[in-house]
Structure formats: structure tokens, C-alpha cells
Amino acid sequence: MIAELKGVGKEYKTGDQTIVALQPTDFKLNEGELTLIIGPSGSGKTTLLSLLGCVIYPSYGDLWVDGKYINELGQNDLARLRLNTIGFVFQNFNLLMPLNAEENVAMPLKLMNVKSSEIKQRVHEALKTVDMLDRRTNLPRELSGGQQQRIAIARALVTHPKMVLCDEPTASLDKDSLGVVMNELRELAKSGKSVAVVTHDPRLREYADRAVEVKNGYVEEIDLEKTTN
């Protein structure tokens, strides 16, 4: 187990109103699994991902990530945890346009003050993992959407995270690119990482080990065998 929520909920106050983004939730993420978090827009699935990614604090309940009690960590400790333990993959890739693929992948390691020789080796390994070594000198605008997403996955992998969190990673991709990206993520899970994918796309269910659905802030486990047959 890499992350656990016990009775965790998230609320936001706007004036006199209280908006409940996530109802009290018990949830675990395990290493070696690809977990889908599905649900319509506004259901609370991105809130759940943000809690797992240590981007926001819970309003109540207890949250642990990589054995650390998140409720009591300061912002600097949270930032270190995100950098060293969690890899993020986004729908819009979030690549830095002036940098080539190799430089984009190297960026997290530079933030960690890793030695140049080690950066070079780890960037090479990450690009090889997603089969993008031949594109290492290309700028993002010279790559297809699927290729950009694979570079984004390499950037998430280069820090050797235990957990990879993906927010709608296939929403901008065609069918062929979707298959390539999801197979990459499934292989990462098989290698021992915990991979969580937020999506509303039912096509992704065939790649998952387990899935939960978020509706109106409530999280419920889904039987994948029933939903894929």
C-alpha cells in the first residue's frame, strides 16, 4: 500500500455556502496496480486525485502517503514528497515548449539537484522505457499528441516515483495513441508502481486492475468483470 484515506473528505467555503467536493472516504492505493478513478465532471474524482497527490489537505479524516501522515506536514515537506515520491501526468501534457524532449524529462531532476552525469543516464532510461529515444531532441510542437504524452510519462518516471497519478491522460489522444499510452501505464504498474488514472472514458477499463467510481463526492468500488463483459 502506498496511499490510504480514512474518513477523508474535502469541503470548500464560498461566502455562506459550504461546497462538499468529496464525502468521507475510505480508500487505498496499492503498488503494482493500475487503478481507474472514473466519474462525470464535477463528481469529485479530481479532488480525490489531488488529495492522493498531496496537492491539497483534507478538510477532515486521515491521509497517509508513503508512510507519512499528510495532515501534519508543512508545505515544504509536501513539496519534497511530491517531487520524490509522486509522478504526475496531465491531459494537456504540460511540456515546456522551448525545451526539447530530453530537456523536459530532465527538469524534475534539476529541481532535485541531481548530478549532471546521473541526469543524463536517468533521462536516457526514462525515454527508453516509453520508446522515445529517437525523439529526444525534438521540440513538443514537432511531436504528435501521443508522443507528447509519452514524453510526459517519461518526465513523471525519471524521479523513480512510487506512485504515478494521471489526470485524463488520454482525453486528447486518438484510438491508436490511447492504446500505446495505456499499455505504457499498465507496464509501469506491473513493474511495481502504483498507477492511478482519472478518466470518464470507458475504453480504459480493459487496462485496469481495479476501478472506483466517484458520484456526487461518494467513492464506490466497481466490479470490472461486470462492466467489461
Side-chain angles (χ1 to χ4, degrees), residues 2-3 5 10 21-22 27 29-31 33-38 44-58 63-66 68 70 73 75-97 99 101-112 114 119 122-123 125-127 129-130 132 140 143 145-173 178 181-182 184-189 191-201 204 207-208 212 214:
I2 184 66
L5 289 75
K10 185 65 181 177
L22 189 70
F27 181 69
L29 273 185
N30 300 313
E31 293 176 291
E33 286 184 347
L34 193 157
T35 302
L36 293 186
I37 302 172
I38 68 172
K45 61 186 188 296
T46 299
T47 299
L48 177 57
L49 195 76
S50 297
L51 287 162
L52 292 167
C54 303
V55 176
I56 57 176
Y57 291 100
L63 172 60
W64 289 268
V65 173
D66 196 26
K68 296 176 176 62
I70 302 306
L73 290 185
Q75 289 291 343
N76 289 339
D77 290 329
L78 280 186
R80 277 191 292 271
L81 182 62
R82 288 194 298 268
L83 187 59
N84 293 299
T85 305
I86 306 168
F88 293 93
V89 179
F90 303 96
Q91 174 182 345
N92 295 320
F93 321 132
N94 286 7
L95 298 178
L96 299 173
M97 293 302 162
L99 304 184
E102 206 167 40
E103 291 165 337
N104 265 286
V105 176
M107 186 57 63
L109 297 180
K110 291 183 178 179
L111 293 173
M112 297 168 68
V114 175
I119 288 177
R122 286 167 69 169
V123 168
E125 290 172 357
L127 288 171
T129 297
V130 298
M132 289 294 288
L143 302 172
Q147 289 170 334
Q148 288 187 58
Q149 193 59 288
R150 287 156 73 187
I151 295 300
I153 292 171
R155 182 181 57 189
L157 289 180
V158 78
T159 60
H160 298 161
K162 296 181 181 180
M163 180 164 57
V164 179
L165 303 179
C166 310
D167 193 2
E168 302 280 5
T170 60
S172 304
L173 306 183
L178 179 149
V181 167
M182 288 308 299
E184 296 285 356
L185 293 174
R186 184 162 59 179
E187 288 302 312
L188 293 181
S191 73
K193 298 188 185 302
S194 177
V195 181
V197 178
V198 160
T199 186
H200 61 267
D201 190 339
L204 271 56
Y207 300 95
V212 295
V214 187

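Every value quoted in this text rests on a predicted model; they were computed, and no experiment measured them.
To the nearest 0.5 Å, the span separating CD1 on Ile56 from CG on Leu22 amounts to 8.5 Å. For the atom pair OH (Tyr57) and CG (Leu63), the distance works out to 10.5 Å, reported to the nearest 0.5 Å. Atoms OG and CG, on Ser50 and Leu165 in that order, are 9.0 Å from each other to the nearest 0.5 Å. Atom NZ of Lys110 is separated from atom CD1 of Ile119 by 6.5 Å, given to the nearest 0.5 angstrom. Arg122 CZ to Leu109 CG: the interatomic distance, rounded to the nearest 0.5 Å, is 5.0 Å. In this structure, the separation between CD1 on Ile86 and CG on Leu81 is 5.0 Å, given to the nearest 0.5 Å.
Looking at residues two or more places apart in sequence or on another chain, you find no salt bridge (Lys or Arg N to Asp or Glu O under 4.0 Å) involving Arg186. Residues satisfying the salt bridge (Lys or Arg N to Asp or Glu O under 4.0 Å) criterion with Glu103, sequence neighbours excluded, are absent altogether.
The two residues Ala189 and Leu34 come nearest to each other via the heavy atoms CB-N, 3.7 Å. Among all heavy-atom pairs drawn from Pro140 and Leu95, the shortest one is CG-CB, 4.0 Å. Here the shortest heavy-atom pairing between Asn104 and Leu99 reads ND2-O, 3.0 Å. Contact record, Val105 with Pro108: O-CD, 3.2 Å, taken as the closest heavy-atom pair. Nearest heavy atom pair, residue Lys193 against residue Val164, reads CD-CG2, 4.3 Å. The shortest heavy-atom contact between Gln149 and Gln91 is NE2-O, 4.0 Å.
At a threshold of 4.5 Å between non-hydrogen side-chain atoms, the residues Leu178 and Asp201 count as touching.
Partner Asp167 forms a side chain to side chain contact (heavy atoms under 4.5 Å, CB included) with one of Thr46, Thr199, Val89, Asn92 and no other, that one being Thr46.
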- Message: What verdict does the side chain to side chain contact (heavy atoms under 4.5 Å, CB included) test give for Leu52 and Ile37, after you've listed the backbone C-alpha separation in whole Å, the side-chain angles of each residue and the deciding distance to 0.1 Å?
- Response: CA-CA 12 Å; Leu52 292 167; Ile37 302 172; 4.3 Å; yes
- Message: Using the rule given for side chain to side chain contact (heavy atoms under 4.5 Å, CB included), can you reason through Val181 versus Tyr207, listing the C-alpha separation, both sets of side-chain angles and the distance that settles it, and then say yes or no?
- Response: CA-CA 10 Å; Val181 167; Tyr207 300 95; over 6 Å; no
- Message: Run the side chain to side chain contact (heavy atoms under 4.5 Å, CB included) test on Arg80 and Leu83 for me, step by step, so that the C-alpha distance in whole Å, both residues' side-chain angles and the decisive distance to 0.1 Å come before the verdict.
- Response: CA-CA 5 Å; Arg80 277 191 292 271; Leu83 187 59; 5.7 Å; no
Hey, can you pull the donor-acceptor pairs under 3.5 Å for the side chains in residues 150-163, sequence neighbours left out?
residue, atom, partner, partner atom, Å
Arg150, NE, Val130, O, 3.2
Arg150, NH2, Val130, O, 3.0
Arg150, NH2, Asp131, O, 3.3
Arg155, NH1, Asn94, O, 2.8
Arg155, NH2, Phe93, O, 2.8
Arg155, NH2, Asn94, O, 3.4
Lys162, NZ, Asp66, OD1, 2.9

